[in-house]
Amino acid sequence: MDITLVQETPFRFRIERQDPMRVPGVVFATRELLPQATGDKALEQVANVAALPGIVRASYAMPDVHWGYGFPIGGVAATDIDAGGVISPGGVGFDISCGVRLLAAGIDRDPLAPRMRRLMDILGDTVPRGLGPGGLWKLSGRRQLEELMVAGAAYAVEHGRGVPRDLERCEDGGTLAGADPSQVGQRAVDRGLRQVGSLGSANHFLEVQAVDRVYDDRTAAAFGLHPGQVCVMIHCGSRGLGHQVCSDHVKVMDQSLRAYGIQLPDRQLACAPAVSVPGRDYLGAMAAAANYARANRQLLTEAARHAFAVAAGAELDLVYDVSHNMAKIETHDVDGVPLQLCVHRKGATRALPPGHRELPDDLAEAGQPILVPGTMGTASYVMAGTAGNDAFWSSAHGAGRVWSRHQALRRVRGEELCEQLESHGVAVRPASWRALAEEAPDAYKDVDAVAAATEAGQLARLVARLVPLGVVKG
DNA sequence: ATGTAC
């Protein structure tokens, strides 16, 4: 499909509807951030998504949009489930409920400085990471894993890994309803049994950061953040279990397309009506994998807490935990009519506005915390949800790639990058030189520009800027 | 994203 891109404002573009698109595309970005500039086909994918059965209003792209499997990463699409609207695993992503959690430390960067090396050494020794098996927990078997997949982060807390307040600061209270472990295949279970409590690889990390700048004192205070404060940011997902769930259900849906009379511009958009048997089966498996990811982040939190207690005598309070690879059934007004929608957010963070009933009381006035990790060596942002959000309460999830992993490997050497980061005062504990090179800051868009465009496009507002002190890399 | 894959 050759797309026609029309600039509506300095921060918003429209992709004109043409067959087989059912709705237009809307891209929140500046001209510099558009993925086309680098030959990336993400905007063609935005147009492809607009052809999904039941899609309403528009196919959206966030400022960090880039190419992905079927859907672009940084894509948002909502389908009307009472009008044949579909669920597409490719609109969630292979890493189901991949997400970010931010912890606020009871210590500032200056007093931590002399203890930083010890802290990083403990984190480096105790945080499982990299490809393959190895996690903080070894589960006894399928039965125990099923309990974890039903209860999510709450399962970890019930077993002494965390405090009840943690769950108040998790999206969905740490437990996504509707999990159906019977739809998680044995192969996914086998992979999941040995990876609970592990970062994984690629762009996953555990980072020690400091608050570099506060844009909104009142909201920062509500989030428990102040200038100079140390934080921990954890980015990880559902590991091999989520990957296997996605693979298994994509295959089923690909084979059921004909039965539901669904025609698609790209087979990677394989989908089924959200209320159909394959649709419900996937949603149940997806929720189970999501709860696995949430338990995973909860366990890694406990590893960080242990390291901070030993090295710095400091505690870590959860600011918020939110996914950026999810589909959720939500009610939204479309042309003045409340509809039950299946909202796909792939590489896009949910961004609830102030006063939303799903927010805990102490965050109601501020709006939902939105966590926007940058890259090793660059800033990360904390933002807040706004009432003006026009993308089904969704926002950017990170910097967004501009180089493929292959390109990054050709241009960057991991050892050199590590030296550069260390010389700039960022301690690095990598899983491998190769993974480090693939995640070089130069392989990503400018996160400062992404955050600025996110605010200018009225997707969210700036609260605080965080800078890295040390990174444990997957 | 991922025991870089059926």
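Note that the coordinates shown come from a computational prediction; the quantities given were computed from them, not determined experimentally. All chains are named by letter (A, B, ...) in the order of the sequence lines, taking the proteins before the strands, and each is independently numbered beginning at 1.
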> Just checking A:Ser238: base, sugar-phosphate only, or nothing, at a heavy-atom cut-off of under 4.0 Å?
Replying inline: nothing
> By side-chain contact (heavy atoms from CB on, under 4.5 Å), which residues pair with A:Ser404, not counting sequence neighbours?
Replying inline: A:His406, A:Gln407
> Among residues 59-69 of chain A, which residues get a heavy atom nearer than 4.0 Å to DNA chain B?
Replying inline: none
> Rounded to whole angstroms, how far apart are CG on A:Leu131 and P on B:dA5?
Replying inline: 11 Å
> ring pair (Phe, Tyr, Trp, His ring centres under 6.0 Å): which pairs involve residues 21-68 of chain A, sequence neighbours left out?
Replying inline: A:Tyr60-A:Phe392
> Tell me: CG of A:Leu199 to C1' of B:dT2, nearest whole Å?
Replying inline: 15 Å
>> Could you tell me how far apart A:His406 (NE2) and B:dT4 (P) are, to the nearest whole angstrom?
In response: 17 Å
> Is it true that a side-chain atom of A:Gln195 and a backbone atom of A:Gly132 form a donor plus acceptor pair closer than 3.5 Å?
Replying inline: yes
> For A:Arg413, what residues pass the side chain to side chain donor-acceptor pair (under 3.5 Å) criterion, not counting sequence neighbours?
Replying inline: A:Glu416
>> Rounding to an integer number of Å, can you tell me how far A:Asn296 CG sits from B:dT2 C1'?
In response: 14 Å
> Which residues satisfy the side-chain contact (heavy atoms from CB on, under 4.5 Å) test with A:Ala449, sequence neighbours excluded?
Replying inline: A:Leu33, A:Asp446
> Can you check the A:Ile73 CD1 to B:dT2 C1' distance for me, whole Å?
Replying inline: 13 Å
> How many Å lie between CD on A:Gln255 and C1' on B:dC6, as a whole number?
Replying inline: 13 Å
> Taking only N and O in the side chain of A:Arg405, is any of them less than 4.0 Å away from OP1 or OP2 of B:dT4?
Replying inline: no
> Which residue, A:His204 or A:Ser247, contacts DNA chain B at a nucleotide closer to its 5' end, judged by nearest heavy atom?
Replying inline: A:His204
> Rounded to the Å, how far apart are A:Leu409 CG and B:dT4 P?
Replying inline: 15 Å
> Can you list every ring pair (Phe, Tyr, Trp, His ring centres under 6.0 Å) pair that touches residues 238-286 of chain A, not counting sequence neighbours?
Replying inline: A:Phe94-A:His243, A:His249-A:Tyr282
>> So A:Gly237, base contact, sugar-phosphate only, or nothing? Heavy-atom distance under 4.0 Å.
In response: nothing
> Side chains of A:Thr386 and A:Arg461: is there a donor and an acceptor less than 3.5 Å apart?
Replying inline: no
>> Run the side-chain contact (heavy atoms from CB on, under 4.5 Å) test against A:Val402 and tell me which residues pass, sequence neighbours left out.
In response: A:Thr38, A:Lys445
>> From the set B:dT2, B:dT4, B:dC6, return the single nucleotide nearest to any side-chain atom of A:Ala202.
In response: B:dT2
>> By the 4.0 Å heavy-atom rule, please label A:Glu438 as base, sugar-phosphate, or nothing.
In response: nothing
> Heavy atom of residues 92-100 of chain A under 4.0 Å from DNA chain B: which residues?
Replying inline: A:Phe94, A:Asp95
> Rounding to a whole Å, what distance do you find between A:Glu439:CD and B:dT4:P?
Replying inline: 17 Å
> How would you list all residue pairs meeting side-chain hydrogen bond (donor to acceptor under 3.5 Å, both in side chains) that involve residues 172-189 of chain A, not counting sequence neighbours?
Replying inline: A:Arg142-A:Gln186, A:Asp172-A:Arg294, A:Asp172-A:Lys328, A:Asp180-A:Ser182, A:Gln186-A:Asp190
